[in-house]
*Asks:* 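One structure follows; several queries about it will come next.
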Amino acid sequence: MKTVYTCFCTDAIHGGHLNIIEQARKYGRVVVGALSDAALIKYNRFPTISLEERIKLYEGLEGVDDVIVQDSIMYDEVIEKIHPDYVVHGDNWKEGPESVIRENVLNCLASYGGELVEVGYTYNPQVKKIDIQLKEKLSMPEYRRKRLRQLLRIRPIVKAIEVHSGLTGLIAEKTVVERDGELDQFDAMWISSLCDSTAKGKPDIELVDMTSRFRTIDDVTEVTTKPIIFDGDTGGLTEHFVYTVRTLEKMGVSAVIIEDKTGLKKNSLFGTEVAQTQDTIENFSAKIAAGKDAQLTDDFMIIARIESLILERGMEDALERAFAFAKAGADGIMIHSRKKDPAEIIEFCDKFREKNTETPIVVVPSSFNVITEEELAAHGVNIVIYANQLTRSAFPAMQKTAEDILKYHRAKEVDDRLMSINQIINLIDEL
């Protein structure tokens with residue numbers, strides 16, 4: 001009997017999957033691949049059930065003869081292993097980033113005469129309802145909140161990008177690219193104090209109150225599923241910070257990052273150009289400990305941001321603070337620098353990792369943007385945050401559009417660089 005292979009990446013079976021199996025059975029013995037968690041996160045979305053549960057789900061389907069694990073979104077290894085006579089897949093991968101997977105399958109099958117069978121994608125109310133239910137489950141606080149810790153266990157480095165609205169949240173959620181025969185996307189979202197303030201036309205001095213900033217979180221969580229890291233500035237008074245922790249935790253935020261400064265907050269990239277006061281190790285450690293005592297789940301993370309290199313206090317001061325804050329209960333250490341050369345960041349990471357191999361390290365490569373994620377990971381970095389690039393790219397584009405409309409007294413000259421209404425409609429999901 002001939003072997004037929006198809007791969008599933010779903011947590012819930014609907015008519016489309018059953019149709020795939022029904023069509024596959026016509027060609028021979030059906031083997032279903034269960035995409036692993038690591039591959040699933042890169043390719044599609046975070047699973048709501050474990051790999052073991054997905055395997056049992058697929059094994060229970062009528063017409064399935066065997067279930068194996070597929071560890072990559074590309075089919076090279078699995079096709080080499082089982083040499084299927086046929087691979088069956090829906091026809092919805094002919095365009096867009098997924099087309100690279102289709103090309104991979106065709107090349108693998110061509111090497112020995114295998115055949116690709118494409119089945120018309122199933123569009124009906126039941127399929128749409130199940131997709132919506134899965135998305136809603138992923139967006140629930142109890143699922144979203146724990147996702148950053150899960151990602152840290154699965155991904156070699158977690159990539160977060162700044163969002164400041166529902167629309168930018170959708171960009172972070174849905175942007176997928178093909179690179180070197182692989183698909184990639186952002187793992188998490190960063191809600192920045194700077195960008196949140198800028199979007200509201202306010203200075204970045206903790207002027208925008210937490211109630212307003214929580215509203216930004218609501219806007220983002222309403223339309224996305226990825227974990228959120230929140231910029232908590234200094235955290236404010238310890239007595240206030242404990243309430244912020246509780247609120248963020250209830251909202252489904254995965255982590256808050258607070259910086260070891262006191263007084264009127266100024267953006268770190270000003271460095272020593274403006275007066276900035278660093279908190280004592282004792283006071284900031286106490287704030288971290290109070291926040292950890294206040295949280296109600298083990299999912300939420302408090303990450304300590306160290307400003308020693310920004311304020312030119314030296315490497316030893318930065319390391320002393322890092323070890324102290326980790327001891328106080330910090331779930332991660334963010335080290336910041338405004339130098340274009342990443343040398344001092346690398347030095348910090350290497351020296352921190354000599355004594356502490358467990359606590360996650362977070363970096364924000366805004367100034368030292370020449371270093372790659374792979375290079376950062378090689379020095380023990382776990383999370384990289386692209387903290388303001390969406391805001392900084394949007395402003396000049398919008399300003400140029402406004403200037404050209406004024407210049408030409410019509411909109412024709414700007415039309416070729418605008419997103420079409422159709423693209424906007426497709427970006428924003430309808431129920």
Side-chain angles (χ1 to χ4, degrees), residues 139 141 144 160-175 186 188-237 240-241 243-259 261-271 273-276 303 305 307 310 334 336 338 364 366-367 385-403 405-406 418-419 424 427-428:
S139 67
R144 191 196 295 255
I161 191 167
E162 164 259 321
V163 304
H164 54 269
S165 64
L167 182 61
T168 52
L170 284 171
I171 292 171
E173 182 91 356
K174 295 188 174 187
T175 301
F186 291 104
M189 299 175 289
W190 164 249
I191 294 187
S192 155
S193 173
L194 166 64
C195 298
D196 212 359
S197 301
T198 301
K200 295 173 173 60
K202 304 290 185 182
D204 183 29
I205 55 172
E206 293 185 277
L207 179 62
V208 179
D209 63 80
M210 279 297 172
T211 302
S212 178
R213 298 204 57 213
F214 292 159
R215 180 58 199 165
T216 301
I217 296 175
D218 282 334
D219 290 341
V220 173
T221 56
E222 196 170 341
V223 296
T224 65
T225 65
K226 293 186 176 180
I228 292 171
I229 305 171
F230 184 77
D231 180 2
D233 288 325
T234 65
L237 296 173
H240 296 173
F241 178 57
Y243 286 97
T244 300
V245 167
R246 285 280 182 92
T247 302
L248 293 173
E249 194 177 20
K250 290 175 184 176
M251 296 179 81
V253 172
S254 294
V256 62
I257 296 181
I258 54 172
E259 58 194 83
K261 291 192 297 194
T262 61
L264 180 63
K265 183 251 176 141
K266 292 285 187 179
N267 190 280
S268 292
L269 296 183
F270 284 119
E273 296 171 16
V274 297
Q276 303 195 62
I303 298 171
R305 170 173 159 176
E307 297 290 283
I310 288 283
M334 176 181 155
H336 208 17
R338 63 189 184 120
V364 179
S366 297
S367 299
I385 299 175
Y386 297 98
N388 46 46
Q389 281 77 7
L390 291 187
T391 292
R392 289 164 57 199
S393 62
F395 183 84
M398 291 190 290
Q399 187 174 50
K400 178 61 175 172
T401 296
E403 289 173 352
I405 290 174
L406 286 175
L418 302 183
M419 187 178 192
I424 293 175
L427 179 67
I428 299 172

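No hydrogens, no waters, no symmetry mates; every other heavy atom, side chains included, goes into these values.
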*Asks:* State the CE-CD1 distance between M334 and I258, to the nearest 0.5 angstrom.
*Replies:* 12.5 Å
*Asks:* Report the distance from atom CG of L207 to atom OG of S197, rounding to the nearest 0.5 Å.
*Replies:* 7.0 Å
*Asks:* How close do E307 and K261 get, heavy atom to heavy atom, and via which atoms?
*Replies:* OE1-NZ, 3.5 Å
*Asks:* Using only heavy-atom distances, determine whether the side chains of D204 and T198 contain a donor-acceptor pair under 3.5 Å.
*Replies:*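 Per modelled atom types, D204 and T198 side chains form no pair under 3.5 Å.
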*Asks:* For residues T221 and S139, report the shortest heavy-atom separation together with the two atoms involved.
*Replies:* O-CB, 4.1 Å
*Asks:* Answer yes or no: is there a side-chain heavy-atom contact under 4.5 Å between V163 and I191?
*Replies:*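 Yes - at least one pair of side-chain heavy atoms lies under 4.5 Å apart.
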*Asks:* Of all heavy-atom pairs between A255 and V253, which one has the smallest distance, and what is that distance?
*Replies:* O-CG1, 3.3 Å
*Asks:* Side-chain contact test, heavy atoms from C-beta onward, threshold under 4.5 Å: evaluate it for P141 versus M251 and give yes or no.
*Replies:* no
*Asks:* Using a 4.5 Å cut-off on heavy atoms from C-beta on, say whether the side chain of E162 contacts that of Q389.
*Replies:*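 The answer is no, as the side chains (C-beta and beyond) never meet within the 4.5 Å cut-off.
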*Asks:* Looking only at heavy atoms, what is the nearest atom pair of P227 and S254, with distance?
*Replies:* CB-OG, 3.4 Å
*Asks:* For the residue pair E259 and I310, establish whether any side-chain heavy-atom pair is separated by less than 4.5 Å.
*Replies:* no
*Asks:* Between Y386 and F186, what is the ring plane arrangement, given parallel below 30°, perpendicular above 60°, and tilted in between?
*Replies:* perpendicular
*Asks:* Hey, does L248 have a side-chain heavy atom less than 4.5 Å from the side chain of I217?
*Replies:*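 A side-chain contact exists here, since the closest heavy-atom pair is under 4.5 Å.
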*Asks:* A172 and I161: which non-hydrogen atoms are nearest, and at how many Å?
*Replies:* CB-CG2, 3.6 Å
*Asks:* Output yes when a side-chain donor or acceptor of T168 lies under 3.5 Å from a complementary backbone atom of H164, and no otherwise.
*Replies:*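 The answer is yes, because a donor-acceptor pair under 3.5 Å joins these two groups.
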*Asks:* Indicate yes or no: at least one non-hydrogen side-chain atom of S192 is less than 4.5 angstrom from one of D231.
*Replies:* yes
*Asks:* Please list all pairs passing the salt bridge (Lys or Arg N to Asp or Glu O under 4.0 Å) test where one or both residues lie in residues 386-395, with sequence neighbours left out.
*Replies:* none
*Asks:* Under 3.5 Å, is there a donor on one side chain and an acceptor on the other for E206 and S193?
*Replies:* no
*Asks:* Taking atom NZ of K174 as the centre, does the number of heavy atoms from other residues, nucleotides or ligands within less than 6.0 Å exceed 12?
*Replies:* yes
*Asks:* Using salt bridge (Lys or Arg N to Asp or Glu O under 4.0 Å) as the criterion, list what pairs up with K200, not counting sequence neighbours.
*Replies:*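 If we apply the salt bridge (Lys or Arg N to Asp or Glu O under 4.0 Å) test to K200, skipping adjacent residues, the hits are D196.
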*Asks:* Given side chains that start at C-beta, do those of I257 and I385 come closer than 4.5 Å, heavy atoms only?
*Replies:* yes
*Asks:* Using every non-hydrogen atom in the two residues, find where E173 and T224 come nearest and quote the distance to one decimal.
*Replies:* OE1-CB, 3.4 Å
